[in-house]
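What follows is a single structure, written as structure tokens, with notes after it.
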Amino acid sequence: MAEVTLSHVRKVYPNGAVAVEDFDLTIRDREFLVLVGPSGCGKSTTLRMVAGLEEISSGTISIDGQVVNALPPKARDIAMVFQNYALYPHMTVKENMAFGLKLRHTPKREIEQRIDEAAEVLGLKPYLSRLPKQLSGGQRQRVALGRAIVRQPKVFLFDEPLSNLDAKMRVEMREEIHRLHLRLNATILYVTHDQTEAMTLGDRIVVMEHGRIRQVADPVTLYNEPANAFAAGFIGTPPMNLLPMEVVAPGVLQCGAGTLTLPAGNGGADLASGQKVLMGIRPEHLMAACLEREEANTLLAEVDIIEQMGAEAYVHFKIDNVRLTARTTPDWAVRHGQRRWLRLQLEKIRLFDPRNGQRL
Ligand code: ADP
């Protein structure tokens, strides 16, 4: 398997659209790296440049130490799995999996052996002689994975491979891809707009916005220590709450809803009075108790809607026009329209600069 390095890679489409700005990162050997971000942030373009399907405007891409800028896709030793996996409808599962290998003149016996192994890994053995139309959506996606696995490439590229599946199948296939990574020890570059997929699959996650990398980190670091308000608001379901407040004294934040005194060491002490901040707090750190009377270090909020999830509930509050969500036990007794004082786990507060979103 292989390391993939993108050095200051930039992509400007002929119409002048800058899709990717200065992408500079090494994907380690055997790493599962996920690119995540909203639609149009440049994920697919980045992946397609690694695949060789899209020309690079500047910078270099190397795979296993070799610069591949000028190499056509088929010479790059990569295999790609797309959202639209487009199996050949008139070929059986086995023929679909064999097709790419035949084109490369792989010896027949080796083709048989590789298909046998891949079918075993993916649970496709009973279906080898079926046509794609005789398979479920999940089975078809598995065949598409099989087609990539039999190639034994240096690098796997996945472009939103699960987006066409229903919710249940998506979870199943996600687990399958996870297991596959453990088993194949492969270097994987995986694109998704779904932060849950990113969090559950990635060894590291690259959060992108407007063609730029906003943060690269492992899932736990990304969740606990977002580098900016964009990453904070993109990762997590529900995402981190962000409330505009003002520093009124060292370590003391205030807004119309109340005053918070940050514990020592939280960083707030260095901020000058008068500075505007975005106060970030995860839904689980809005404490699972809300008060009918004011106390120190609380924020007054109005209950908007309650989303019952069974094991937990999301209670959405409003402070002015900002929505704050608390992750609570399912039996939290509040109703729409009630006013409550919220207690926050103050040491979990993260502060961001509202001018540029950077962590303070
Ligand atoms: P993502 O995969 O994150 O949704 P893309 O990489 O597809 O984003 O697109 C990044 C940006 O480049 C978008 O603004 C998109 O409109 C633009 N773009 C993508 N493909 C082309 C193209 N062939 N020509 C011009 N602009 C494009």
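Just so it is clear, the model here is predicted, and its values are computed rather than measured. Counting convention: from 1, in listed order, for ligands and their atoms alike.
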Considering only protein heavy atoms, which is closest to [atom], and at what distance to one decimal place?
atom: atom 5 (P) of ligand 1; result: Thr45 OG1, 3.5 Å
atom: atom 18 (N) of ligand 1; result: Tyr13 CE1, 3.3 Å
atom: atom 7 (O) of ligand 1; result: Ser44 CB, 3.9 Å

| remark: The option among Gly211, Gly16, Gly42, Ala19 carrying the non-hydrogen atom nearest to atom 12 (O) of ligand 1 is Ala19

| request: Out of Gly40, Gly37, Ser39, indicate the one that has the non-hydrogen atom closest to atom 10 (C) of ligand 1. | output: Gly40

| field | Donor on one side chain, acceptor on other, His193 and Ser39, under 3.5 Å | value | no

| request: Answer yes if the side chains of Gln134 and Tyr127 hold a donor-acceptor pair under 3.5 Å, and no otherwise. | output: no

| said: Using a 4.0 Å cut-off to any heavy atom of Asn15, which atoms of ligand 1 qualify? | reply: 25 (C), 26 (N)

| task | Could you tell me whether ligand 1 has any atom less than 4.0 Å away from a heavy atom of Pro38? | result | yes

| said: Please check this pair: side chain of Arg212 against backbone of Met208, looking for a donor-acceptor N/O pair closer than 3.5 Å. | reply: no

| field | Protein contact for atom 21 (C) of ligand 1 (heavy atom, distance under 4.0 Å) | value | yes

| request: Establish whether atom 16 (O) of ligand 1 and some protein heavy atom are separated by less than 4.0 angstrom. | output: no

| task | Tell me, please, which residues at least two apart from Gln254 pass side chain to side chain donor-acceptor pair (under 3.5 Å). | result | Thr259

| With Gln195 via side chain to side chain donor-acceptor pair (under 3.5 Å) - residues at least two apart | none

| task | Give a yes or no on whether a salt bridge exists between Glu3 and Arg28, defined as a side-chain N under 4.0 angstrom from a carboxylate O. | result | no

| task | Could you say whether the N/O atoms of Cys41 and ligand 1 ever approach to under 3.5 Å? | result | yes

| query | What are the two closest heavy atoms between Gln215 and Ala231, and how far apart are they? | reply | OE1-CB, 3.5 Å

